Amino acid sequence: MSERAAPPGRLTLVHDLVNTVDLATGADALDTPEGRAPFGLTEDAVEDARALRESLRATLLAHAGHPAHRPVVPLGELLARAPLVVTVDPADGSAALAPVDEGPLLSRVAAAVAEAVTAGTWQRLKACESPACHWAYYDRSPGGRGRWCSMQVCGAREKMRRYRAKQG
C-alpha cells in the first residue's frame, strides 16, 4: 500500500512481515508457499509467525502513539525466546547482536530489532493510523510525526472524513 522507501538495515524484515496481511481484504500472504518463502517459513510455523506479526503491529502502533489493534502477546515476551549472541568484527572491532541460529524467523526479527534499537531507528518504524490499514511504514519525516503509510491514500481518506464531518 505504501509508496514510502524501505526502512534501513534489517528493519525491512519486520516491515515486510507486518505487511503480509491486508486488513481491508483479509488476504494473508502467509497462506501461500510463495508468501512464506521470503521468511523461510514452513506451513507448520505460520501460526507462530502470525502471532509475531500481530505483536509487532501492536508495537508499531505504539510507536505512532496508538493503542494496540487487539490483544496480543507482548513483543518482549516473544523476543525473549530468541537466543542472540554478541559478535565482534575482527577487522574493526565493531560489535553487534546476531541470532544464534539464522534459521528461525523469531531470531532474525530479534536481531533486526536489536540492530534498529542500537542505530536509533526502531521508534521510526510505525503502523498506519487508519484502522482499516495498520500497514507498517518507516517514518522519515523530520519530526518523526508521520501518521499514515500513504498520504495519498490513508491520509487523504482521513482528511476527507474530517472535512465531511465539519460540513455535515
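One is the number of the first residue; the rest follow in order along the sequence. Predicted model, so just to flag it, every value in this text is computed and none were measured. Worth knowing before you read on, the calculation uses all heavy atoms, side chains too, and leaves out hydrogens, waters and symmetry mates.
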At what distance, to the nearest 0.5 angstrom, does CZ of R57 lie from NE2 of H134? 7.5 Å

Test item: E115 side-chain N/O and R10 main-chain N/O as donor-acceptor pair under 3.5 Å: yes

Side chain T12, main chain P7, donor-acceptor under 3.5 Å: yes

Say whether, by atom type as modelled, one donor and one acceptor occur between the side chain of T118 and the main chain of A114 under 3.5 angstrom. yes

State the OG1-CD distance between T32 and E43, to the nearest 0.5 angstrom. 10.5 Å

Rest of the hydrophobic cluster containing L23 (Ile/Leu/Val/Met/Phe/Trp/Tyr, side-chain heavy atoms under 4.5 Å)? V21

Value rounded to 0.5 Å, distance of CZ in R124 from OG in S141: 5.5 Å

Ignoring hydrogens, what is the shortest heavy-atom contact between V85 and P99? Give both atom names and the distance. CG1-O, 4.3 Å

Kindly give the heavy-atom pair with the smallest separation between A64 and A127, and that separation in Å. CB-O, 3.9 Å

Listed once per pair and sorted, the salt bridge (charged side-chain N to carboxylate O under 4.0 Å, His left out) pairs that draw on residues 25-40, sequence neighbours left out: D28-R50, D28-R53, D31-R50

Verdict with reasoning, R70 to V72, per side-chain contact (heavy atoms from CB on, under 4.5 Å): CA-CA 6 Å; R70 64 182 173 117; V72 297; 4.2 Å; yes

For N19 and A136, indicate whether the former's side chain and the latter's backbone hold a donor-acceptor pair under 3.5 Å. yes

Determine, step by step, whether H69 and E54 satisfy the side-chain contact (heavy atoms from CB on, under 4.5 Å) criterion, reporting the C-alpha distance in whole Å, the side-chain angles of both residues, the deciding distance to 0.1 Å, and the verdict. CA-CA 9 Å; H69 58 303; E54 297 313 313; 2.7 Å; yes

Between the OG atom in S94 and the CG atom in D89, the distance rounded to the nearest 0.5 Å is 4.5 Å

Can a donor-acceptor pair be found, under 3.5 Å and without considering hydrogens, that links the side chain of T20 to the backbone of D16? no

P83 side chain near S107 side chain, heavy-atom distance below 4.5 Å: yes

ILVMFWY clustering at 4.5 Å (side-chain atoms), partners of L11: L13, V14, L17, V18, L30, F39, L41, V46, L52, L56, L60, V73, L75, L78, L79, L105, L106, V109, V113, V117, W122, L125, Y138

